[in-house]
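To start, the structure under review is shown below, and the notes come after it.
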Amino acid sequence: MLYHDQDTALVRPSGVRIHTCLLLDPTLQPTVAKPIEEDIQDAKLLYYFSKDEATIHTIRNNVGLAEGLVVFFSSFCDTPSTEIEVELDSARVVVDQIEQNLFIAFILEEVA
């Protein structure tokens with residue numbers, strides 16, 4: 001519970017906090033001559049923040065998860081959805097299109 005200047009209680013609306021934030025452009029391609037799968041994933045990532053130290057494998061998994069959600073849900077509609085929210089066992093993933101080829105993704109965790 002948070003308190004305002006006048007000591008009125010403010011309740012956090014969703015009971016979640018940001019665990020990971022990433023910014024990606026799925027259209028970007030690697031600049032190396034013969035890219036491997038890791039190079040392709042790394043080229044799409046523009047920014048990554050996590051409250052925990054993340055390994056390169058975790059970062060690539062999160063990029064793949066966000067991109068996979070966009071591709072999967074865009075196959076069901078004529079116009080791509082601007083916001084996708086999926087509830088997983090351990091977290092909630094929200095992906096939002098902020099420009100034509102630019103997506104921001106949040107991995108949220110429950111607050112006890």
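FYI, side chains are in, hydrogens and waters are out, and symmetry mates aren't considered; it's all heavy atoms of this structure.
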If I compare all heavy atoms of [X] with all of [Y], which pair ends up nearest, and what's the gap?
X	Y	value
Pro35	Ala33	CD-O, 3.4 Å
Val94	Glu83	CG1-OE2, 4.0 Å
Leu22	Leu45	CB-CD1, 4.1 Å
Glu67	Leu24	CB-CD1, 4.3 Å

State, with a plain yes or no, whether a side-chain heavy atom of [X] is found less than 4.5 Å away from one of [Y].
X	Y	value
Val95	Phe73	no
Thr58	Thr20	no
Phe72	Ile84	no
His19	Asp52	yes

Fill in the blank from the handout: Test side-chain contact (heavy atoms from CB on, under 4.5 Å), reference Val93, set Leu65, Asn62, Leu108, output is Leu65
Path from [X] to [Y] over hydrophobic side-chain contacts below 4.5 Å:
X	Y	result
Ile56	Val32	no
Leu28	Ile36	no
Ile59	Ile40	no
Val71	Ile98	no
Phe103	Val86	yes

Practice task
Please round to the nearest 0.5 Å and tell me the distance separating atom CD of Glu109 and atom CG of Leu88.
Solution key: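 Between atom CD of Glu109 and atom CG of Leu88 there are 13.0 Å.
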Exercise for the section: Verify the neighbour count for atom CD of Glu87: are there more than 12 heavy atoms of other residues, nucleotides or ligands below 6.0 Å? Expected result: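 Yes - once you tally the heavy atoms of other residues, nucleotides and ligands closer than 6.0 Å, there are more than 12.
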Practice task
Check whether any side-chain N or O of Ser50 sits under 3.5 Å from a backbone N or O of Glu53 as a donor-acceptor pair, and report yes or no.
Solution key: no
Practice task
Check whether any side-chain N or O of Glu99 sits under 3.5 Å from a backbone N or O of Asn101 as a donor-acceptor pair, and report yes or no.
Solution key: no
Handout entry: Pairing residues for Ala43 by the side-chain contact (heavy atoms from CB on, under 4.5 Å) criterion, not counting sequence neighbours
Key =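 Per chain and number, Ala43 pairs via side-chain contact (heavy atoms from CB on, under 4.5 Å) with Pro30.
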Exercise for the section: Sort and list the pairs that fulfil side-chain hydrogen bond (donor to acceptor under 3.5 Å, both in side chains) and have at least one residue in residues 34-43, not counting sequence neighbours. Expected result: Asp42-Arg60
